[in-house]
Amino acid sequence: MDYSKTLNLPKTEFPMRANLPEREPEILKFWEEIDLYRMVQQKNAGRPKFVLHDGPPYANGHIHLGTTLNKILKDIIVKYNSMAGNDAPYVPGWDTHGLPIEQQAIKELGLDRRAMNPVEFRQKCREFALKFVNIQREEFKRLGIGGKWEKPYLTLHPNYEAVQIGVFAEMVKRGYVYKGLKPVFWCAYCETALAEAEVEYQDKKSPAIYVKFPVKDGQGLLPEENTSIVIWTTTPWTLISNVALCLHPNYNYVLIAQEKEKYLLAEELLSSFAQVTGQQNLKKIQVFRGQELEGITCYHPFLDRESIVVLGEYVTLDTGTGCVHIAPGHGEEDYLVGLQYNLPVLSPLDDRGYFTAEAGKFSSRYYTDADQEVIAELQKGAFLIKQETIQHQYPHCWRCKKPILYRATEQWFASIDKFREALLQAIQQVRWIPGWGRDRIYNMIAHRGDWCISRQRIWGVPIPIFYCAHCGKEVINDQTISHLQNLFRQYGSDVWFAREAAELLPPDFNCPVCTAQEFTKETDIMDVWFDSGSSHLAVLEQPDTWPELHWPAELYLEGSDQHRGWFNSSLTTSVAVRNKAPYKAVLTHGFVVDENGRKMSKSLGNVVDPLKVIKQMGADILRLWVSSADYRDDMAVSPNILKQVTEAYRKIRNTARFLLSNLYDFNPSVDQVNYQELTEIDRWALVSLQRLIQKALKGYYDYEYHVVYHTIHNFCVVDLSALYLDMIKDRLYTMPAQGRERRAAQTVLYKTLHVLVRILTPILAFTTEEIWRYLPKKEGEPASVQLTDLPQVKEDYLDLELEQKWERLLNIRAEVTMVCEMARQEKLIGNSLEAEVTLYTSGELYDFLRREEINLTTIFIVSKVNLHQLKDGQDACPDNNNLLPMEKQASYLSTAKNIPGLVVAVRRTKGAKCTRCWIYNEKVGLNAEHPTLCPRCLELIKTGHFA
RNA sequence: GCGCCUGUAGCUCAAUGGUAGAGCGCUACUCUUAUAAAGUAGACGUCCUUGGUUCGAAUCCAAGCAGGCGCACCA
């Protein structure tokens, strides 16, 4: 007879193979059909708000692994909060303005922006940006990210722009904005000022020259005759704008003589100077302290101009001569020194990098071409000591990759100094995770210069300032701004480019200064960092559009590079107009690197494309990867690592599948067994489950998802797969289907899966939904697992005494399985059910085992366990005299090392295998009708009590 | 160059200053009633390096190396 028909073997439709690339889109469709995000919001209405404000990715390409990591982390946080008693809305956003989009639009659409009218050009940029918003939106959704995708925020939305110019105006009102002539990074090719963030450093070859500045007035310290201060520069063209020479106040400068000439330079650089220039026989005449020489004047070598000696701490001695030529119009530090000494700022260059008439004989030359002319000019006057070519790192435009220059132009600035203290104080009110983020942004703010807000570009939000055509005064006030805001809300910022100034001002508007009625408008637009930096007001505080949000946000979460970026610009605008940070906490993550810790780059060939991973393995694999590692550090990814993640995924999935397959006939509403009626093994499983909940919830709470991952994975592998599930198989398969014993095990399986599926939901969004569909439901349970709440620890299940006892039992079990393995190696047994185990022990341990005796075969999963008490004084050393005669032939192991006082002996059981339950029993064969059954199975079959 | 962070088994992570652990992967074995599953066992570590503090250092300190991020690469 085939007794397997009388067993309750596992059964489920839940597929073992995930086939995520095909299954996930189905689930996505389901979520859309039921409008899951809205349902989650409804479920959480009235709960405490947890607003995670989305940092807007830039809409100019497909998503990459960095944005994937960021968005998945955000989604885990939002899903966790949504299931942990909070109302956690998520409004995604995009950064849609700026130079990169302009340039890509130009390139991809073949536009000539000079030939187009600005409104038309902006339309193309908008289309380009919106195209990628749509692409990225679908890509993010595919990752399982939940949010208000149908109503995201875009920095190009009319209302957003209106709020943004309001922020700017408020800053003007508070006196934080000024127009200044200041050197900024300038790209002559792109014809615009660049933000610091838009600059990258690359190798460049430059001429390096040593130049003589003849002393005009040595102030009694330096002789004037044939005496020069020697400077070194790698940008000869900037000499045209030279107005000073800078020395370090505390360095020694030496006056040396070579033949008739005398040179002044830093003492420490004398030898390198001699070497480079090939000058020999240099005689030291006198040594000065830099600060002594302040105020000495020199002749400009080829212009009719004086150059004065000034002092600066920033002068270094690594290259050059320790004497730095100063052109305040062409360098940040030059400019600062210039301010200190009230030096003129010369910057005779136009937007395209050509010298203006102001440059005299150099006018209309391209600035780099002027290098040679300057050198020629120096040679002509014998002011050039030496020329060489050096390779150094030089700032380049991040878009066109061309070298850039420093150029003083009229720009609008935010004066950080005016509210730096407030910024620093606001930083102290924020929780920075990890803690070092605070120091990082604090130091950054403490040292940053003024914020250059202007960009000489088209695709952005205009700086909303008018100029009186009569008196030239700039005009911006509540009246003009609120009028403009209305226009922006109606027409978007395009209106600024489409209309003349008069059509942008309130009717009959007069200049507040001179009452004139004619105006021009500012042509600069704002830095895109001002766009995204205004999002906290343009999004969080717009109840008409997003009533679910509030200001300030509970959390910002971005990569650690955003300390200088979005965290910074958002803080700046927020403190400027609200005196407070826009976020209560800031969490940062590291960057994606390869398995060797190197950054991803095309040239290294180590780039992992998330879209490919989704196609090949599924989004849940990416989500599990994000959860698997500690993101506060850099996150490594490689095919090998993804493979490992996939293995873990399979284990989790298959564990869930096994639980499901044993719940096929279980109705939680009627079949659950009371705690009091559970076996000890079951209760122990529930203790383990509580430990899982504890650890996982703490991991979520602490933003440590790798702890959650490891805890869950470990639980599946050890507590369930290796222990509990293995131990209860007999009960599940062979005992009466509806009997208390089997229902007890099923009760635990059910509770376990119900916990597992929920506690995994923030991470494995798709798979948990799939599991949820198969899970036996009680009435009233929601259609999506995301509409449930996370499990809580049930204190009643935390039986500490039981837990301790089981720790001991499992240690003994480990010992037994090891001895079984030895027996197996010796081909004494195969399946552990072929083993009969004898435990030799005494004293307390014997008493302990005696009390647990009935459970031991189940725990060890063997057919028989004998307990043998050693006599007093006998120890449990592997002394054959201690063993029963039959065990002398058996495989055995002393375990004095691991479990003192215990010897485990294993032999092949004498009984025969019951063909129903596979347990070996000496009484198999006694019944003629069922000669292959053990007494237990016989009883069940005879009474028909197995269904 | 400067600042911050990181550096434990092939991988992902643990380890109040007290004999370095887990899981995965790998190898071998077992099972065939979770089966493109499941169980058991085994091997695998100069805890980045070098100094120092300490009775004792993966852990504290210093220097260095490697990687990441940021600042600056100036003249």
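Note on naming: letters A, B, ... go to the chains in the order of the sequence lines (proteins, then strands), and numbering restarts at 1 for each one. Note that the structure is predicted; figures quoted are calculated from it, not measured.
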Complement of B:C60, any strand, by Watson-Crick or G-U distances under 3.5 angstrom: B:G52

Sole residue of A:D2, A:T6, A:T932 in side-chain hydrogen bond (donor to acceptor under 3.5 Å, both in side chains) with A:R916: A:T6

Pairwise salt bridge (Lys or Arg N to Asp or Glu O under 4.0 Å) hits with a residue in residues 588-601 of chain A, at least two apart: none

Rounded C1' spacing from B:C60 to B:C13 in Å: 23 Å

Nearest-angstrom distance from the residue atom CD1 of A:I712 to C1' of B:G23: 14 Å

Short side-chain N/O contact from A:K599 to OP1 or OP2 of B:C69, under 4.0 Å: yes

Partners passing side-chain hydrogen bond (donor to acceptor under 3.5 Å, both in side chains) against A:T389 (at least two apart in sequence or in another chain): none

Atom-pair distance (CD1 on A:I441; C1' on B:C71), nearest Å: 14 Å

Under 3.5 Å on both distances, the Watson-Crick or G-U partner of B:U8: none

Base-pairing mate for B:A34 - Watson-Crick or G-U, with both contacts under 3.5 Å: none

A:H713 and A:Y709 aromatic ring geometry - parallel, tilted or perpendicular at 30°/60° bounds: parallel

Annotated protein contacts, base or backbone, on nucleotides 3-13 of chain B with a non-hydrogen cut-off under 4.0 Å, one of B, S, - each: BSSS----BBS

Separation of the P atoms in B:A38 and B:G25, to the nearest angstrom: 9 Å

side-chain hydrogen bond (donor to acceptor under 3.5 Å, both in side chains) partners for A:E388, two or more places apart: none

Presence of salt bridge, A:R824 and A:E834, under 4.0 angstrom: no

Non-neighbouring partners of A:N596 that pass side-chain hydrogen bond (donor to acceptor under 3.5 Å, both in side chains), sequence neighbours left out: none

For nucleotides 62-66 of chain B, give me every protein contact, N/O to N/O, under 3.5 Å, one pair per line with atom names.
none

For A:W918, all residues meeting ring pair (Phe, Tyr, Trp, His ring centres under 6.0 Å), sequence neighbours excluded: none

Rounded interatomic separation in angstrom, taking CZ from A:R813 and P from B:U40: 6 Å

Which residues share a side-chain hydrogen bond (donor to acceptor under 3.5 Å, both in side chains) with A:K729, sequence neighbours left out: A:D726

Complementary nucleotide for B:G1 - Watson-Crick or wobble, under 3.5 Å: B:C71

Watson-Crick or G-U wobble partner of B:C47, both distances under 3.5 Å: none

Nucleotide-resolved protein contact map, nucleotides 29-36 of chain B, B/S/- at heavy-atom distance under 4.0 Å: SSSSBBSB

B:G3 and B:A9, which share atom name P, separated by this distance in whole Å: 28 Å

Pairwise salt bridge (Lys or Arg N to Asp or Glu O under 4.0 Å) hits with a residue in residues 710-720 of chain A, at least two apart: none

Assigned partner base of B:G25, Watson-Crick or wobble definition, under 3.5 Å: none

Contacts of A:A18 that satisfy side-chain contact (heavy atoms from CB on, under 4.5 Å) - sequence neighbours left out: A:L20, A:Y649, A:R653

Whole angstrom value for the distance that separates C1' of B:C74 from NE2 of A:H396: 15 Å

Partner residues of A:A244 under the side-chain contact (heavy atoms from CB on, under 4.5 Å) criterion, sequence neighbours left out: A:I308, A:V310, A:I326, A:L343

Rounded distance in Å between the P positions of B:U54 and B:A15: 27 Å

Assigned partner base of B:A14, Watson-Crick or wobble definition, under 3.5 Å: none

Rounded distance in Å - NZ (A:K11) to P (B:A37): 23 Å

